[in-house]
Amino acid sequence: MTDRRDARAVLSIDVELFRHTPAFRNAAGALPDPSLGLAGARFLRTALARHDATTTAFVVSEIVDEHPDAITAFVDDGHEIGSHTHTHRLLTDLAPAERREEIARSAERLEAATGVDVAGFRAPAFDFGPDHFAHLAAAGYDYDASVVPCRRIPGWYGGEYDLRRPALATAVDPDAPPGLAEVPTAVFPGIGLPLTGTWLRFFGVRYTIWGMRLLARRGIAPVLYVHPWEFVDLPDVDGVPTRVTVRTGDWMRRAVERILATDFEFVAVRDVLADAGLDAGRDAGAACGGDAVRSGDDDAVRSGDDDAGDPGADPDADPDADPDGTPGEVS
């Protein structure tokens, strides 16, 4: 196998089932199988192994209660386990005590079931409240991965911060406990939209790979994210918008294979933290520094930077072509 050491990236997995998505919870329809999406986790483990890649799986911990083997399999394959709360409810919809319970209970359940420490956390829909970092520190986490430094997307998220690299959580909240780290999700320079999630399916795999390369030029390890349910064939469910299910199933399976086949070394979040000197957790926090970074700072978008705002500047930028240049396939 080719030794891929040009640059590092993270293809993280938010391990949730389709029933956990806000789109389904707000829909009128029902699912024939409450475990819909679990097969996507098996596909991802196989694809990662095929490309000699590791990952961080941020797990909704009630899944480990129902399907323990599906989660311990990630540990057996050498992957990092993080928390994605216990039930995947939006944290800002909950009272402070409920938020604390979702955060703490998830780590407890995952550690009990897998036998490994859970150091990282990602909030559902990147949604968190003002007490977020205090709850994480109290529950024993070392880092958070709930910030997307993208432009404001009405009805979604974004617009608050421009933190593009791993840093102390005080870069997001000056009152965060010392030493707690933040690992932001990758966004496309200049365009300011995430590289994966829905945006991969909207804009195509060449958009994602080009954005990864631009970030690598800046010395930033791109942190991507996907969901297992994106890799299975989803049924039509009354009330679930088409944008949620577009290009799921086979298209996504082929797309992630193309991403993993690039010249990036795919690693876990803990490895990116180690590269940034932030792997020692809160014990080393005071030595790392880190001031609040808001819109306009730290790799802020600048007109003309590395051709980031000109999709025509890169031959791989065509969002409608497959690997052979055929419109309508994986792009």
Side-chain angles (χ1 to χ4, degrees), residues 5-14 53-58 79-84 117-123 126 128 132-134 136-137 139-150 157-158 160-189 192 194-197 208 211-226 264-301:
R5 305 292 176 187
D6 293 349
R8 284 183 153 186
V10 178
L11 181 68
S12 64
I13 306 170
D14 290 355
T54 55
T55 190
T56 299
F58 293 100
H79 302 302
E80 179 186 17
I81 298 295
S83 166
H84 200 36
D117 291 337
V118 173
F121 179 89
R122 177 174 286 152
F126 306 102
F128 58 89
H132 182 63
F133 295 107
L136 292 183
Y141 293 94
D142 289 331
Y143 73 86
D144 178 63
S146 304
V147 165
V148 185
C150 64
Y157 44 66
E160 298 92 350
Y161 298 99
D162 261 339
L163 180 70
R164 305 300 171 94
R165 308 170 187 269
L168 291 181
T170 50
V172 178
D173 180 355
D175 296 324
L180 194 67
E182 180 62 47
V183 183
T185 294
V187 302
F188 199 113
L195 294 186
T196 43
T208 296
M212 293 171 67
R213 291 171 180 163
L214 289 176
L215 290 173
R217 290 183 198 174
R218 294 160 165 78
I220 299 172
V223 177
L224 315 178
Y225 70 98
V226 293
F264 285 85
E265 179 192 8
F266 287 90
V267 299
V269 173
R270 62 190 173 201
D271 300 311
V272 170
L273 281 170
D275 291 344
L278 294 165
D279 58 323
R282 291 183 296 282
D283 294 339
C288 296
D291 298 322
V293 180
R294 299 184 183 275
S295 182
D297 299 325
D298 189 36
D299 294 308
V301 173

Salt bridge (charged side-chain N to carboxylate O under 4.0 Å, His left out) against Asp117, all qualifying residues, sequence neighbours excluded: none
Side chains of Arg8 and Asp271 in contact at under 4.5 Å (non-hydrogen atoms): yes
ring-ring contact (aromatic ring centres under 6.0 Å, His included) partners of Phe126, counting only residues at least two apart: Tyr157, Tyr225
Pairwise distance OH(Tyr143) to CZ(Phe121) - rounded to 0.5 angstrom: 11.5 Å
Donor-acceptor contact below 3.5 Å, side chain Thr56 vs main chain Ser12: no
Separation between CG of Leu168 and CD of Glu182, rounded to the nearest 0.5 Å: 10.5 Å
Shortest non-hydrogen contact from Ala137 toward Pro177: CB-CG, 3.5 Å
Tyr161 and Val172, any side-chain heavy atoms less than 4.5 Å apart: yes
From OG1 (Thr208) to CG (Leu195), nearest 0.5 Å: 5.5 Å
Non-hydrogen side-chain atoms of Arg165 and Arg218 separated by less than 4.5 Å: yes
Verdict with supporting geometry, Phe188 and Leu215, side chain to side chain contact (heavy atoms under 4.5 Å, CB included): CA-CA 8 Å; Phe188 199 113; Leu215 290 173; over 6 Å; no
Rounded distance (nearest 0.5 Å) linking atom OG1 of Thr196 with atom CG of Leu11: 7.5 Å
Residues in salt bridge (charged side-chain N to carboxylate O under 4.0 Å, His left out) contact with Asp14, at least two apart in sequence or another chain: Arg122
Partner residues of Ala274 under the side chain to side chain contact (heavy atoms under 4.5 Å, CB included) criterion, sequence neighbours left out: Asp279
Partner residues of Ala216 under the side chain to side chain contact (heavy atoms under 4.5 Å, CB included) criterion, sequence neighbours left out: Ala7, Phe264
Pairing residues for Phe128 by the ring-ring contact (aromatic ring centres under 6.0 Å, His included) criterion, not counting sequence neighbours: His132, Phe133
Distance-minimising heavy-atom pair for Leu278 and Pro166: CD1-C, 3.6 Å
Side-chain heavy-atom pair Met212, Leu224 within 4.5 angstrom cut-off: yes
Minimal non-hydrogen separation, Pro149 against Pro184, with atom names: CD-CB, 4.1 Å
Side-chain heavy-atom pair Leu180, Thr170 within 4.5 angstrom cut-off: no
Side chain to side chain, Val148 and Val187, heavy atoms closer than 4.5 Å: yes
Side chains of Val10 and Val267 in contact at under 4.5 Å (non-hydrogen atoms): yes
His79 (side chain) donor-acceptor with Thr55 (main chain) under 3.5 angstrom: yes
